[in-house]
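For reference, the structure discussed in these notes is given below.
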There are 2 protein chains.
Amino acid sequence: MNVNQQLSRPKETPSAASAPDLGMDVAGAVFRLARRLRAERIDDQLGDTQYAVLFFLTREGPHSLKELSIRERVTPPSMNQTVNALETAGYVERRDDPDDRRKVLIAATETGISMAKQTRRLRHAWINARLKELTPAQRESVQQAALVLQELADS
Amino acid sequence: MNVNQQLSRPKETPSAASAPDLGMDVAGAVFRLARRLRAERIDDQLGDTQYAVLFFLTREGPHSLKELSIRERVTPPSMNQTVNALETAGYVERRDDPDDRRKVLIAATETGISMAKQTRRLRHAWINARLKELTPAQRESVQQAALVLQELADS
DNA sequence: TATTGTTATACTCTATAACTATA
DNA sequence: TATAGTTATAGAGTATAACAATA
């Protein structure tokens with residue numbers, strides 16, 4: 001489907017300019033942009049959480065299910081399902097933790113690593129194209145804010 | 001459930017500092033923060049899309065179903081379900097469009113307007129508290145970026 | 001014919017509750 | 001007892017396909 005039609009809209013009150021409620025502006029922008037990013041998603045292979053987990057494992061090495069669930073802020077059963085989907089697809093594998101036999105280490109496979117790379121390229125094509133259209137000053141503020149927002153999310 | 005536990009995590013490569021892939025940093029921050037905001041949600045009365053639609057109608061007046069679906073970037077059937085839920089709860093009402101009898105105007109009720117106000121206050125309590133902890137410089141960059149991200153989402 | 005709204009249906013992601021195995 | 005993982009199940013939100021009413 002094509003959900004990217006134009007809708008002439010009344011001037012959005014740019015309230016951040018006077019910051020009566022910065023939180024609302026940030027939350028609004030974040031939710032709106034998250035939905036837009038999902039709508040612009042080209043590849044339908046991986047869900048957002050699946051991609052986030054696979055990318056994390058690729059960069060940071062094997063982790064337990066509990067650790068993944070805490071990092072992505074979902075419950076262990078939710079993460080279990082995400083991991084199951086990735087495992088079925090052959091992108092991750094479960095290994096027994098040698099130190100604690102209750103634990104299971106989840107690790108990206110070679111297939112998973114290359115899949116993460118390919119998805120990463122496709123997934124960010126739209127946003128990177130949009131960012132290129134910004135002025136250098138705008139890009140600069142987005143760049144700095146990205147770091148702050150990351151910290152905020154993890155705080 | 002409490003999903004907000006601490007997980008000591010290896011230093012995240014703050015790649016935005018050198019900006020090899022700004023899009024990835026932005027998308028990552030946005031998805032992560034969106035999930036965090038959802039996890040921190042206190043009130044369970046309204047879903048995110050429901051709240052977004054109700055707030056929009058409150059601020060911008062009655063709109064057709066199609067317009068709402070375009071604005072929120074979901075399909076008409078999805079928006080129909082969202083509107084149904086809001087209507088059942090008594091927060092919006094459907095009115096016939098006098099000019100085009102195919103259309104239906106969706107408008108916030110008085111109950112809906114006060115609900116939007118209350119939800120808005122609760123919904124942004126966490127993010128506003130976090131933002132208060134930032135340095136003025138950080139808040140400034142977030143403030144400017146919020147506007148840019150809004151434009152990005154709507155572009 | 002094209003557009004708007006709707007119904008029916010299915011899929012994905014998330015949650016809670018309850019269970020097993022291990023510490 | 002407490003913790004890690006899992007299974008079963010339900011709810012919310014989204015999508016596609018197909019249809020009715022109107023332009």
Side-chain angles (χ1 to χ4, degrees), chain A residues 1-5 7 31 34-41 43-54 62-89 92-106, chain B residues 1-5 7 31 34-41 43-54 62-89 92-106:
Chain A
M1 57 148 286
N2 177 17
V3 89
N4 302 320
Q5 306 173 45
L7 169 62
F31 279 125
R35 210 168 312 173
R36 178 66 186 258
L37 284 166
R38 182 155 39 77
E40 294 289 346
R41 210 168 58 185
D43 58 305
D44 256 354
Q45 304 291 96
L46 260 44
D48 292 329
T49 305
Q50 288 176 27
Y51 170 66
V53 168
L54 183 56
H63 283 73
S64 74
L65 186 73
K66 190 72 189 294
E67 289 170 330
L68 293 176
S69 77
I70 292 173
R71 175 176 163 83
E72 298 302 330
R73 294 185 189 278
V74 295
T75 57
S78 291
M79 184 51 68
N80 189 50
Q81 181 173 310
T82 298
V83 169
N84 285 343
L86 289 171
E87 190 182 30
T88 300
V92 304
E93 60 184 16
R94 284 175 155 92
R95 302 174 189 161
D96 289 338
D97 186 319
D99 301 329
D100 186 338
R101 289 199 350 211
R102 290 174 304 180
K103 293 190 183 176
V104 175
L105 286 178
I106 293 131
Chain B
M1 56 147 285
N2 177 17
V3 89
N4 302 320
Q5 308 175 41
L7 168 64
F31 280 125
R35 210 168 310 176
R36 179 64 186 260
L37 284 166
R38 181 155 40 77
E40 294 288 347
R41 208 168 60 184
D43 59 304
D44 254 354
Q45 305 291 96
L46 261 42
D48 291 330
T49 305
Q50 288 176 28
Y51 169 65
V53 167
L54 183 55
H63 282 73
S64 75
L65 185 73
K66 189 71 189 296
E67 288 171 330
L68 293 176
S69 77
I70 291 173
R71 176 175 163 84
E72 297 303 327
R73 293 181 191 279
V74 295
T75 57
S78 291
M79 183 50 68
N80 190 49
Q81 181 174 308
T82 299
V83 168
N84 285 343
L86 288 172
E87 190 182 29
T88 300
V92 304
E93 60 182 17
R94 283 175 156 93
R95 302 174 188 161
D96 289 339
D97 187 320
D99 300 330
D100 186 338
R101 289 197 352 210
R102 289 174 305 182
K103 293 189 183 175
V104 175
L105 286 178
I106 294 130

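We name chains A, B, ... by the order of the sequence lines, and we start the count at 1 in each one. From a predicted model like this one, the values you see are computed outputs, not experimental measurements.
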Interatomic distance, [X] atom [atom1] to [Y] atom [atom2] [nearest 0.5 angstrom]:
X	Y	atom1	atom2	value
L54(A)	T82(A)	CG	OG1	11.5 Å
T75(B)	K66(B)	OG1	NZ	11.0 Å
M79(A)	E67(A)	CE	CD	11.5 Å
L86(B)	Q50(B)	CG	CD	5.0 Å
L68(A)	T49(A)	CG	OG1	11.5 Å

Notebook entry, point to check: Under 6.0 Å from the CG atom of D97(B), do we count more than 12 heavy atoms belonging to anything else shown?
Noted result: yes
Check: Does atom CG of D96(A) have more than 12 heavy-atom neighbours from other groups under 6.0 Å away?
Finding: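 It does not: D96(A) CG has 12 such atoms or fewer within range.
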Below 4.0 angstrom from OP1 or OP2 of [N], is there any side-chain N or O of [X]?
X	N	answer
S78(B)	dG13(D)	no
N80(B)	dG5(C)	no
T49(A)	dC13(C)	no

Next item on the list: Describe the nucleic acid contact of R35(B) in one word from base, sugar-phosphate, nothing, applying a heavy-atom distance below 4.0 Å.
Entry: nothing
Check: Base, sugar-phosphate, or nothing: which does Q50(B) touch, judged by heavy atoms less than 4.0 Å apart?
Finding: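 Since only primed, P, OP1 and OP2 atoms lie under 4.0 Å of Q50(B), the category is sugar-phosphate.
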Can you tell me the distance, in whole Å, between the [atom1] atom of [X] and the [atom2] atom of [N]?
X	N	atom1	atom2	value
D97(B)	dG5(C)	CG	P	9 Å
N84(B)	dG13(D)	CG	P	13 Å
D96(B)	dA21(D)	CG	P	14 Å
H63(B)	dT4(C)	NE2	P	14 Å
E87(B)	dG5(C)	CD	P	13 Å
Q81(A)	dT12(C)	CD	C1'	8 Å
D48(B)	dT14(C)	CG	C1'	13 Å
I70(B)	dT14(D)	CD1	P	16 Å

Checklist line | Nearest-neighbour nucleotide for the K103(A) side chain, dA15(C), dG5(D), dT6(D) considered | finding: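 Among dA15(C), dG5(D), dT6(D), the one nearest the side chain of K103(A) is dG5(D).
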Notebook entry, point to check: When you measure from the side chain of K66(A), which nucleotide among dG5(C), dT7(C), dA4(D) comes out closest?
Noted result: dA4(D)
Item checked: 5'-most by nearest nucleotide on DNA chain C - I106(B) or G47(A) -> I106(B)
Notebook entry, point to check: Which comes earlier along DNA chain C counting from the 5' end, the contact point of R94(B) or that of R41(A), where each point is its nearest nucleotide?
Noted result: R94(B)
Note to self: Walk along nucleotides 17-23 of chain C from 5' to 3' and tag each nucleotide B, S or - by protein heavy-atom contact under 4.0 Å, base first, then sugar-phosphate.
What the structure shows: B----BS
Checklist line | Residue met sooner reading DNA chain D from 5', once R38(A) and V83(A) are mapped to nucleotides | finding: V83(A)
Checklist line | Pairwise side-chain contact, N84(A) with R94(A), heavy-atom cut-off 4.5 Å (strictly under) | finding: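 Yes, their side chains come closer than 4.5 Å.
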